[in-house]
Amino acid sequence: MALTAKANDLTGRQLLVNALQNPVCLSELPLAKWDTLIRLARVSNLIGRLAEAIDTVKLTSHVPDKALPHLVSARLLANHQRQAIRWEVKHLGDALNSLDAPKVLLKGAAYAVQSLEAAGGRVFGDLDLLVPKTAIPAAEAALMLKGWGAEGVDSYDQRYYREWMHEIPPMVHRGRGTVVDLHHNILPLTARYCPTIELFFADAVPSSVPGFQVLSPVDMVIHSATHLFYESEMRNGLRDLFDLDALIRQFSRDRTEFWPLLAERTDAIGLNWPVFLALSCLRDILGAYVPEEFFQRIRVNANLGSMPEVFLTKLYYWAVWPKHPLIDNLPSRLSRFLVYIRGHYLRMPLRLLLPHLSRKALGRLYKSGSGSDHR
Amino acid sequence: MTFKCRSEFSSVAHSLHTLYTNHPFQLNPDFADFHVEISAPSNLRRWFRRQSEFVIDGEKPFEPLPLSQAPALLEWGLNWIIVASCHQWFTIHAASLERNGQAVIFPAPPGTGKSTLCAALAFRGWRLLSDELTLLDLETLEAKALARPINLKNASIDIIREFVPQAIWGPEVFDTTKGRVTHVAPPEESVVRMLEHAVPRWIIFPKYVAGAEPCLSPRDKSQTFIDLADNAFNYSALGEAGFDLVARLVDRCDCYDFVYSQLKDAIDVFDSLTG
């Protein structure tokens with residue numbers, strides 16, 4: 001993707017990526033293009049990051065009056081969320097004070113407490129915490145004592161989570177309405193290539209919040225990539241890709257041996273293929289720099305085979321985009337559908353998946369049937 | 001604010017034309033704050049027991065509603081967008097009106113007669129700023145005017161129909177979770193002057209009580225602080241700025257509870273406020 005192209009001639013996709021990677025190009029952007037940009041950034045959950053990027057290059061004064069309020073609003077919200085998630089981590093720390101087990105903050109919460117660049121302008125959802133499987137009952141009990149509990153989860157879902165998943169059902173706080181996802185692995189136990197979680201615990205590093213750890217920088221990248229490419233719905237695909245980009249940029253700047261470490265660790269954990277796909281998408285979609293040597297090493301280790309390699313990189317190239325009328329097209333729609341199937345296939349063997357999906361479909365049918373009776 | 005609205009339903013076009021008759025229209029604006037659509041769902045309900053959906057940027061934040069409620073759905077959808085996306089202002093679930101450059105704010109939960117009182121005042125000497133959402137500037141505290149249609153429910157509809165015979169109405173809808181619902185178009189003057197902001201002067205919690213004499217009683221400021229924060233949509237999202245804003249607002253405003261049963265009496269009381 002040509003990062004130097006004039007902003008006026010860009011398609012919606014290029015405009016959004018360009019604006020985030022190279023916000024200087026926005027100084028001459030016509031108003032009609034701002035309209036497109038704000039809409040696409042908002043629907044991708046990237047408007048906060050856009051506002052941050054524009055602020056970093058000191059271009060806020062060049063933003064047209066009509067577009068500016070949207071960026072101001074997004075920054076206010078992002079700042080609040082970053083503060084709120086730190087506050088929530090504090091509550092979590094109080095609740096789990098006596099739990100004698102490693103507690104590792106994942107994803108957004110980790111980016112926020114470590115003040116990583118990936119947290120800038122980001123919208124945060126649930127708080128993800130990883131503890132060893134043996135500590136789950138104690139952690140769950142401690143959280144329940146402090147007001148967290150599972151809400152609206154029936155016994156089938158309970159069993160689904162507890163037997164097959166890598167997390168227990170989401171726990172909602174009674175007072176604050178905040179949600180904690182308690183994990184004991186980064187992938188479902190039923191997933192293909194489910195990694196040995198002890199490796200992640202072994203390398204975890206202390207966080208800025210006493211009592212909590214975060215994954216080591218390379219593991220954070222591997223986790224983020226794995227998460228993205230195991231998804232069956234890429235609701236935040238592009239946002240997650242930008243997260244990855246921010247993580248890699250910062251870590252490779254801080255540490256020269258980042259790339260060899262990443263290649264080595266990815267192979268040791270056995271998650272070469274999601275990291276390879278992530279690096280491909282970063283190159284192809286965001287125009288990010290990935291050193292050829294390590295790109296090739298991870299590609300060879302992933303050993304996807306030439307046909308699947310081409311197919312999968314193309315598939316995700318189209319699937320990460322948000323579903324927005326301005327940019328949606330047939331390849332994107334088709335790719336989303338295939339990713340949906342692939343995500344399920346990766347997370348569960350068919351003998352478990354088919355009964356599960358049929359049960360969910362029947363459940364939905366029943367629910368919508370009884371819903372219309374109320375009218 | 002500019003909204004770009006699309007719909008395949010003539011009822012929506014007709015309602016927009018009726019309720020926003022005095023607002024500026026543009027066919028293809030370069031920039032719209034939000035692009036919204038009221039469309040038919042892509043399932044059987046497109047033809048059978050027809051429904052309408054609110055769509056913004058390809059997303060559908062609500063369950064579909066019966067087709068008859070399509071015009072109202074647009075209004076509720078626009079309210080939702082402002083609440084969900086516009087944190088550049090302090091947003092209160094409140095009605096607000098202006099007179100002589102000074103604004104009165106009615107923060108009140110539904111069912112207190114806030115909209116009824118707001119509609120009556122808007123047609124008797126007060127300028128409507130907003131019926132549902134009061135938007136305050138984070139720095140100056142000035143109230144922005146939305147001058148959008150006023151949402152009325154059940155008996156309020158008949159009261160205002162009688163009280164303001166010349167008012168222009170949107171379609172009336174039955175069988176919603178709220179009962180009987182309609183919108184009344186804002187008075188022309190409030191639309192013409194919608195770019196004029198107003199400084200808040202009074203915070204008044206109205207309450208309709210059958211048979212009551214009109215009574216305006218001073219209200220504790222610290223309690224008003226709490227109630228305002230409760231009725232604000234982005235109080236916590238704005239953090240310290242939100243706290244600071246409510247403190248300044250309560251400081252500068254006279255705060256009252258107001259009980260009434262007759263609109264005529266209520267209007268007299270409000271007239272005496274401005275002296």
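Labels below follow one simple rule: chain letters A, B, ... track the order of the sequence lines, proteins then strands, and each chain is numbered from 1.
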Heavy atoms from other residues, nucleotides or ligands near CZ of B:Phe48 exceed 12 (cutoff 6.0 Å) = no

Are there more than 12 heavy atoms of other residues, nucleotides or ligands under 6.0 Å from atom CZ of A:Arg333?
-> yes

Quick one: what part of A:Lys66 sits under 4.5 Å from any heavy atom of chain B, side chain, backbone, both or neither?
-> both

Does A:Lys146 NZ have over 12 foreign heavy atoms under 6.0 Å away?
-> no

With side chains defined as the heavy atoms from C-beta onward, is the minimum distance between A:Val43 and B:Ile56 less than 4.5 Å?
-> no

Taking atom OG of B:Ser85 and atom CD1 of A:Ile47, what is their separation to the nearest 0.5 Å?
-> 8.0 Å

Gap separating the CD atom of A:Gln83 from the OG atom of B:Ser236, nearest 0.5 angstrom | 10.5 Å

State the OG-CD1 distance between A:Ser73 and B:Ile82, to the nearest 0.5 angstrom.
-> 11.5 Å

Look up atom NE2 in B:His87 and atom CG in A:Leu77, then write down how far apart they are to the nearest 0.5 Å.
-> 4.5 Å

Can you tell me if CG on A:Asp65 sees more than 12 non-hydrogen neighbours from other groups inside 6.0 Å?
-> no

Describe, in one word, how the ring planes of B:Phe34 and A:His70 are oriented to each other, choosing from parallel (under 30°), tilted (30 to 60°) and perpendicular (over 60°).
-> perpendicular

Could you tell me which non-hydrogen atom of B:Ala32 sits nearest to which non-hydrogen atom of A:Asp35, and how far apart they are?
-> N-OD2, 2.7 Å

Which answer fits A:Ala74, side chain, backbone, both or neither, if we ask what part of it has an atom under 4.5 Å from a heavy atom of chain B?
-> neither

Calculate, to the nearest 0.5 Å, the distance between atoms CG and CD1 belonging to B:Asp33 and A:Ile38 respectively.
-> 9.0 Å

Tell me, yes or no, whether the heavy-atom count around A:Arg174 atom CZ, taken from other residues, nucleotides or ligands under 6.0 Å, exceeds 12.
-> no

Is B:Glu59 paired with A:Arg42 through a side-chain N to carboxylate O contact shorter than 4.0 Å?
-> no

Pairs of heavy atoms under 4.5 Å with chain B: top-ranked of A:Asp328, A:Val72, A:Leu76 = A:Leu76

Hey, what do you get for CD (B:Gln88) to CG (A:Leu71), rounding to the nearest 0.5 Å?
-> 10.0 Å

With chain B, the option among A:Ala84, A:Pro69, A:Pro64, A:Pro322 that has the most non-hydrogen atom pairs under 4.5 Å is A:Pro69

Does atom CZ of B:Phe243 have more than 12 heavy-atom neighbours, drawn from other residues, nucleotides or ligands, at distances under 6.0 Å?
-> no

May I ask you to check whether over 12 heavy atoms, not counting those of B:Glu8, lie within 6.0 Å of atom CD?
-> yes

